[in-house]
Amino acid sequence: MKLASPDRPLIMRGVERTSLGRFLLWLVPWLALLAFGLYGAYLCLALGLNQTNLDNRFAFGLWIFLDLAVIALGAGAFFTGFLLYILRREELADLINSAVVVGFVCYSGAVVILMIDVGQPLRAWFTFWHPNVHSMLTEVTFCITCYLLVLFIEYIPIVLRNRRLRRIPAFLVFEFNLHKVMVVFAAVGTFLSFFHQGSLGGLYGVLQGRPFAFREGFAIWPTTFFLFILSAIAVGPAFLMLVTRLAEALTRKRLVHPRVYTLLGRISGWLLVSYVLLKSVDTLIWLNRTAPAVGFLGHDFYVHAAFGTWILFAEIVLFGLAPALMLLIPRVRQGRWAIVAALLACFGIALNRFVMTIQTLSLPSLPFDKLLLYWPSWQEMASFLAVIAYAVILFSLSYRYLPLYPRERELQADRDPDSVAPRAASRTTLAVGGAGAGTLPTSRR
Amino acid sequence: MSRHRGKLMFLGGLIAALAVGWLGLPIVLYETIDQPLQFSHATHTGDLLGMDCEACHTFDEAGRFCGVPGIALCATCHEEALGDSPAEQHLVEAFIHPNLEIPWLVYARQPDNVFFPHAAHTVLAEISCERCHGPHGHSDRLRPYQRNRISGYSRDIWGSNIAGIASAPWDGMKMGDCSRCHRQRGIVESCQDCHK
Amino acid sequence: MLPGIYEFQWTLGHLIFLGAFFTVLGILVSVLFVSLRKSRIDLQGRRAEVIRWQQSFQQLPADQRQCRHALAGRTQPRVCQRGFACGECPFHARLLASGTAPRTALFGEGSCPAGSGDLFGFAMPASRLYHRGHTWVEQRADGTLVAGLDDLGSRLIGAAPQVELPAIGTEISAQGTGWQICRAGADPVHVLAPVSGTVIATGGPEKGWYLRLQPVRIDAGLEHLLHGEEIRPWVQAELQRLQRRLSPECLGPSLADGGLPVADFPAAYPGVDWDTVWSETFLTD
Amino acid sequence: MSRNTTHRVRYGMAIDIDRCTGCGACMVACAVENNVSVPPPPAGDRKGLTWIRVYRLHNERPYPESRTAYLPLLCQHCGHHTPCVSVCPQHATDIDPETGIVSQIPERCLGCRYCMAACPYHARYFTWWDPVWPAGMEEIFNPDVSPRMRGVVEKCNFCHGRRQVALQRAAAEGRRQIRDDEYRPACLEACPVGAIHFGNLDDPKQELYDLVHGERAFRLLERLGTEPKIYYLSSQPWVRRLLHNGIPASRRHPDGGRPDVAALRHQQVLARDPRAEERRRS
């Protein structure tokens, strides 16, 4: 018998996983990073936020920026769910499980960081008990909490599909029934995500005191509300593409059918194009109407060398239009450049969140002020690295023990991805027939 | 019997959980401390002396409520024991003669961030003391003081009921209790009306 | 948050916002509750085995889900969508009606001695009915059924397995777990029960591990089993698959010399992921 | 019934920049009055607690044209779409409809600092450290102001504790209203040059009314349309140019159409270089 890993009985049948030793070796640096980050987070919680380089002027910093970016990247979870369960794009069944896990780690990580970021985490429930329904942050808090619950529920069936857990009839049956109603969770998740992604945009869009971020809009929602939703669903699929490609590269295996990438690329491309278009219109309206109405010319926002007009160009053209067009060209989106395009798009969304949070706060608001600068402390960076380590660890564990890519076994059995039918006998050089049994071992009569 | 076993077990568990919550939790949550001295309001306010609340619980010249009176006020009558009650004996020997203030545990002490102007309620709105303090002024003895082990506040703030449901108008002195009365009286509130 | 709590106001904003929140929460909780309740009903109705088979079937590679008629060459390649429940399959019924496929033959009593019915060196007598999970069924004169592991299956499990047969009186259902085989150092393999019935007797190792079953219905429940001319192409396809598993790169010369297959495959091929081979062979997880 | 605990007022301030010497007495008085804790040295310039803070303004010209002025900056108690109040997720800050004072209730505050991001005046402060005072200073705490804990936001509330005490004294005397002279913030009292004026902005009988409607008055970032209730007074052109660009208070352009970008650009050029116009004419 092949010397199997001790955890082999926990791993799905028919798929290859590296040995337990190598897997643990892979986890070690991430666990170390997690421990280091947890120490940083502990310092912030125990000694207070003086451990950070945040201050009265720069009240939001690295954490809020990365939270917004991570939540935008995690949008792939709800959007894939929406496409699969509501719009019935069955191809995406290949990767819905991994999308759920990606969404779960992104959102739970962001929530953990938020809990460190606030000065009084034990009062987090106040927002639920005494909500100010006019605040965008209230909407964000309610929606993200509910959506995290949805993601958790969506994660349950994936966990219960573990080979060992499936043996327990109660788990098997619960997983089966939960999966049958997944469409409800997908719909609720879509509704919630729509609002909190938007509210995260509204968070800054409503700041009348910050003309750089302030936008007019419809009803109570500034235009950033809608732009954040659009950008999140545009880049969510691109991020999933990146994660899956990365997983394929690390495991040296094909995990999803190539047509999934084509579909993700097409969706991402079209949404990105519409986002860039609307973002440009919004920027023009802001520069020519919204900002001048409160006495600012577009020029005023871009006089500082660090935040010159190049950042606007980079955000809209380099990391917006360029990847969008790349993903729209079929040849490009099927080739290797699709990864570059997805990377650019993800970077673009992070840059957008950076501009909305960090740049907004660093531009002086008082007429006699200078540009404000801020550099995160190691505690801030470490806490966030802990989230990344947590994400990698949870994803690795899920990949190893849970059916993250349901078609992996099929694609592995048949290296030719375009054919799922049994391989033609001609490729088996030794046909089975007559009395013999091909290359099967025989003993002399 | 076996058909109903699940239901019975559920019912039993429910009752046990409720008992723990309603009876056990208050014991764990509150510590009970006896007052340093037994004081009978009834003796002072009743037919015998007929003092009113303001005789001891006064306002200063700035309208500030002075709370529980100091030992000097007690000494005006109790320089030496007037009767033969052991409590009075204790007062004279332990506090008046050595001139020590009595470390009273104030049932109605609010958290530090609460600003409660007595004058606005008793003088302007003409609300009786009993409305918030109950028949305390006619009580014969001081009940034990119960302190919340977590917050350190008196149990009277939350009220005697663990669920926080008031059985009498003076049972509970939470923000919601203040606010309910204010709303009934049409008083527009902002946070800083009562918070400092 | 709730009416009566400080700062709750009956304004439109509060009603819309909190209404949406409680609706969402209500939907989540009630859907979760409904699935928990359905799970309980399924467990009580002993549907766990049916659900397990449905899921195992979906997870099988497509070539393991080929229709029996496609294997027999009666039709184009076709993936079964019904978990091999041929009795419920309209396509199967159509083929039977048109005479393209023969009905399940009535078969005589008495088991075949080992070694007879040689098929590629495996003892697979044509007088038996075969389940796709490598079990066979024979009907006895008294109407009871006997079920056992077929020769190919036994050799793939190899020598000296530990077998856990169900206790007498257990009701087993077709495609549910029939019995468990465990080879030292490996995860136990669930062998699918070929037919439904109540276990009335079992046979130990000396008699080759079999179950004697009182069928649920005397006349039915056998349509899904392979028989007659279907057996040969099925075994051939199974051997092809096996061959790919055992030597994926197809290196080395063939020993197509009429030798007999070894009795213990795992011992002969230690480098193979037997766990997977078993799951594919016995259609189980 | 007794809706009129107080009469409706709109408290505001006028601060005379031309009088301010930058002595900082207001900052000290404020800290003492409001039991403001003293952060440890690493706090530096941007992590401190200064409910009122005096900024130094400079015209950035060489001697002899060099000019300096001082700007005491405190919570501006914005009256319209108050940026901080509208964003707080849990009503930890509100604007009192009776007085127009923007309050902050630290016990309700989560410490999310969204209000700080929203405030363009940087008038809100976060308690980065556990509050500490020089030894023995707790003994002389102001009993009318509750000290704050770590991890919450605090800010100027026009010495609201003083108003409560004044109201209490009035109540004891049977009055529902306080007289104008009964309530004055600590910074005003401490100012040695009388640069700070306080009162009801809606009362034409008060001196404040004339000051804020005078030609010397303007408000900081008035163009954002948040209707701050702190007015600044100055006759110095460079101060007025630096702090006030003359854009009308309404956020939108008066005729509702597109803002006149060309006019705005011209104004900005003037603000940066007042002599540009003369040069252009000549």
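Values reported hereafter were calculated over all heavy atoms of this structure, with side chains retained and with hydrogens, waters and symmetry mates removed.
The part of A:L192 that comes within reach of chain C is its side chain, from C-beta onward, which places non-hydrogen atoms under 4.5 angstrom from that chain. Only the side chain of C:Q54 comes within contact range of chain A, with at least one heavy atom under 4.5 Å from a heavy atom of that chain. For A:R167, the parts lying under 4.5 angstrom from a heavy atom of chain C are both the backbone and the side chain. Proximity to chain C is limited to the side chain of A:F185, based on heavy atoms less than 4.5 angstrom apart. C:S30 does not touch chain A: none of its heavy atoms, backbone or side chain, sits under 4.5 Å away. Proximity to chain C (any heavy atom under 4.5 Å) is restricted, for A:I153, to the side chain, taken from C-beta onward. Heavy atoms closer than 4.5 Å to chain C are found nowhere in A:F195, neither backbone nor side chain. Heavy atoms closer than 4.5 Å to chain C are found in the side chain of A:L149, but not in its backbone.
Using a 4.5 Å cut-off on side-chain heavy atoms (C-beta onward), C:S56 and A:R166 make contact. Proximity of A:R163 to C:D275: side-chain heavy atoms (C-beta onward) are separated by under 4.5 Å at one or more points.
The NE2 atom of C:H14 lies 6.5 Å from the NE2 atom of A:H134; values are rounded to the nearest 0.5 Å. To the nearest 0.5 angstrom, C:K38 atom NZ is 6.5 Å from A:F176 atom CZ. The distance from the CG atom of C:D42 to the CZ atom of A:F174 is 12.0 Å, given to the nearest 0.5 Å. C:I51 contributes atom CD1, which lies 6.0 Å from atom CG of A:L172 (distance to the nearest 0.5 angstrom).
In plain terms, the two heavy atoms of C:L25 and A:C146 that are nearest each other are CD1-SG, 4.3 Å. Between A:E139 and C:F17 the shortest heavy-atom distance is CA-CE1, 3.7 Å. In plain terms, the two heavy atoms of C:L18 and A:P131 that are nearest each other are CD2-CG, 4.2 Å. Scanning all heavy atoms of the two residues, the minimum distance from A:V181 to C:S35 falls at CG2-OG, 4.0 Å.
Applying the 6.0 Å contact sphere to CZ of A:R259 captures more than 12 heavy atoms from other residues, nucleotides or ligands. Within a 6.0 Å radius of CZ in C:F21, other residues, nucleotides and ligands contribute more than 12 heavy atoms. When the shell of 6.0 Å around CZ of C:F22 is examined, it contains more than 12 heavy atoms from other residues, nucleotides or ligands. Around CD of C:Q76, the count of heavy atoms belonging to other residues, nucleotides or ligands within 6.0 Å does not exceed 12.
Ranking C:I16, C:L60, C:L32, C:T23 against chain A, the residue ahead of the rest is C:L32, based on heavy-atom pairs under 4.5 Å. Listed options C:T11, C:L36, C:V34 were ranked by heavy-atom pairs under 4.5 angstrom with chain A; first place goes to C:L36.
Between the side chains of C:S279 and A:R409, at least one donor N or O lies within less than 3.5 Å of an accepting N or O.
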Start with the C-alpha gap between A:W129 and C:L2, add the side-chain angles, then the distance that decides, and say whether side-chain contact (heavy atoms from CB on, under 4.5 Å) holds. CA-CA 8 Å; A:W129 209 238; C:L2 297 164; 4.3 Å; yes
